[in-house]
Amino acid sequence: MSTLEATRAELGLIVLYLNKAEARDKICRAIQYGSKFLSNGQPGTAQNVDKSTSLARKVFRLFKFVNDLHALISPVPKGTPLPLVLLGKSKNALLSTFLFLDQIVWLGRTGIYKNKERAELLGRISLFCWMGSSICTSLVEIGEIGRLSASMKKLEKELKESDKYQKEEYRAKLQKSNERTLALIKAGIDVVVAVGLLQLAPKKVNARVTGAFGFTSSLISCYQLLPSRPKAKAA
């Protein structure tokens, strides 16, 4: 492959990535929380960037609650334990509620919705919903990682002395386990961010800590949304 073709392929991946509304939202989220970290809650340019980016992100999320509403009423894979099903559905319900209420918060901040006190109350309720969904996500990922670990151990016993990494099924399970571990880390970080935004522990989770954790969570989200590279063709 020539240098021009390689460059064109790389740019194609970047275009594919930036064409995703979710990817643009997460990039804006990284800017938002990076600015929060820099401002440390103090007035100035960084805080203005934080506030303006936060408002802009709410536009990206308009009607996004429908996604989790659809997931809420969709069937789950066969064999999924009931506790994980209930946790997954709770996560969908809480996240959908958060995204729906967040639209009212946006209407309040733009001045379309006039009742500021109610908008602030709904904004706080929405953050509690987001924190709850992050907790549910953490528990679901812990359960799914446990299930994957058990199936991988069973597969290892079946393979005996053969190289387990040569087995496509084992590699697929290992990759899935790594993905779920990363999702678990992100969900745990998001719980801390929610605590910071709700000011439940202002002395320990201040604006700078919230910004740092939010920025880290955003980078993980950006990584998770990266398009897979096409496999090189055999000569």
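In this chain, numbering begins with 1 at the start of the sequence shown.
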Would you find a donor on one side and an acceptor on the other, under 3.5 Å apart, between the side chain of [X] and the backbone of [Y]?
| X | Y | result |
| --- | --- | --- |
| K58 | V105 | no |
| S96 | A93 | no |
| T110 | L107 | yes |
| S54 | D50 | no |
| Q103 | F63 | yes |
| S149 | I145 | no |
| D25 | A21 | no |

Report the residues that fulfil salt bridge (charged side-chain N to carboxylate O under 4.0 Å, His left out) with [X], sequence neighbours left out, ordered by chain and then residue number.
| X | value |
| --- | --- |
| R109 | none |
| R118 | none |
| E22 | K26, K64 |

Side chain to side chain donor-acceptor pair (under 3.5 Å): pairs with one or both residues in residues 186-212, sequence neighbours excluded =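 For residues 186-212, and leaving out neighbouring residues, the side chain to side chain donor-acceptor pair (under 3.5 Å) pairs sorted by first residue read R29-D190, K186-D190, D190-S217.
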task = Carefully, step by step, assess F98 and M131 under the rule side-chain contact (heavy atoms from CB on, under 4.5 Å).
result = CA-CA 9 Å; F98 158 68; M131 183 171 69; over 6 Å; no
Near [X] [atom1], under 6.0 Å, is it more than 12 heavy atoms from other residues, nucleotides or ligands?
| X | atom1 | answer |
| --- | --- | --- |
| F60 | CZ | yes |
| K89 | NZ | yes |
| K116 | NZ | no |

The single option from N92, L99, D68, L95 passing side-chain contact (heavy atoms from CB on, under 4.5 Å) against S133 =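 Testing each of N92, L99, D68, L95 against S133, the sole residue satisfying side-chain contact (heavy atoms from CB on, under 4.5 Å) is L95.
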key: With sequence neighbours excluded, residues passing side-chain contact (heavy atoms from CB on, under 4.5 Å) with V66   =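 V66 satisfies side-chain contact (heavy atoms from CB on, under 4.5 Å) with no other residue.
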message = Tell me every residue that passes side-chain contact (heavy atoms from CB on, under 4.5 Å) with E169, counting only those two or more places apart in sequence or in another chain.
response =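 With sequence neighbours excluded, E169 shows a side-chain contact (heavy atoms from CB on, under 4.5 Å) to L155, K167, K173, given in chain and number order.
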ask   = Can you name the closest pair of heavy atoms from L197 and Y33 and give their distance?
value =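 Scanning both residues, the minimum pair turns out to be CD1-OH, 3.4 Å.
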ask   = Does the distance from a Lys or Arg side-chain N to an Asp or Glu carboxylate O, for E144 and R147, drop under 4.0 Å?
value =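 R147 and E144: salt-bridged.
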request  = Consider only side-chain heavy atoms of I, L, V, M, F, W and Y, link residues closer than 4.5 Å, and tell whether L13 and L18 are in one cluster.
outcome  =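 Unlinked, L13 and L18 end up in two clusters.
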